[in-house]
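To keep things clear, I will list the structure first and then write my remarks on it.
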Amino acid sequence: MLLKIVQVGDPVLRAGTRELTRDEIVGAKVQQLIEWMRETMRDAPGVGLAAPQIGLPLRLAVIEDGALVPELERRPIPFHVVINPTLTVGGEMVEHGEGCLSLEGFQAEVPRAQTVRVQALDHLARPVTIDASGWYARILQHEIDHLDGKLYIDRMDARTFTTARNARRAGKEN
Ligand code: ZN
């Protein structure tokens with residue numbers, strides 16, 4: 001089932017989220033939710049989708065990236081779920097164009113840490129540690145920001161904020 005993706009201005013994007021219990025994670029409701037979020041992300045299409053974006057204040061996000069763009073350190077990332085994540089950032093800050101399914105039609109240059117370590121639970125409530133760099137690190141920071149009620153516009157270089165159409169014209173499409 002395709003879920004409705006809420007747009008900027010909806011309070012749920014700013015409200016913050018609560019953790020899921022292990023019982024909730026392995027239960028039928030959350031398992032179904034993960035499937036629906038996967039379908040919704042693929043349909044959008046996007047490389048990540050956080051629960052607040054479909055109106056739920058829960059610490060859960062799905063991620064999947066099929067693209068290979070070596071100059072952005074972007075490699076295919078298989079579908080997976082991060083639940084109750086904590087984030088530690090490292091390395092230098094790197095600025096790249098970034099968009100969001102909840103800010104449809106816009107993008108901006110956003111500085112992000114080059115490397116991250118994320119500790120989270122997977123879709124079966126098993127603890128996982130993810131060490132990521134490059135574009136995958138950017139996706140993780142973007143999605144975990146959603147869980148903390150933050151959007152990329154809070155971090156962007158404001159003078160680079162643009163419609164996606166104008167970015168395409170300038171050859172800076174994300
Ligand atoms: Zn987003």
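Computed from a prediction, not measured in an experiment: that's the story for all the values here. Read the numbers this way: they start at 1 and go in the same order the structure lists the ligands and their atoms.
- Between Glu64 and Arg42 there is a salt bridge, with a side-chain nitrogen of the basic residue lying less than 4.0 Å from a carboxylate oxygen of the acidic one.
- Within a 6.0 Å sphere centred on CZ of Arg117, other residues, nucleotides and ligands contribute 12 heavy atoms or fewer.
- Taking distances strictly below 2.8 Å, the protein N/O/S atoms close to the Zn ion (ligand 1) are Cys100 SG, His142 NE2, His146 NE2.
- Under 4.0 Å is where a charged nitrogen must lie from a carboxylate oxygen, and between Asp145 and Arg112 at least one such pair does.
- By the 30° and 60° cut-offs, the orientation of the rings of Phe106 relative to Phe161 is parallel.
- Gln107 contributes no side-chain N or O that, together with a main-chain N or O of Cys100, makes up a donor-acceptor pair within less than 3.5 Å.
- For Arg14, the CZ atom counts as densely surrounded, since its 6.0 Å shell holds more than 12 non-hydrogen atoms of other residues, nucleotides or ligands.
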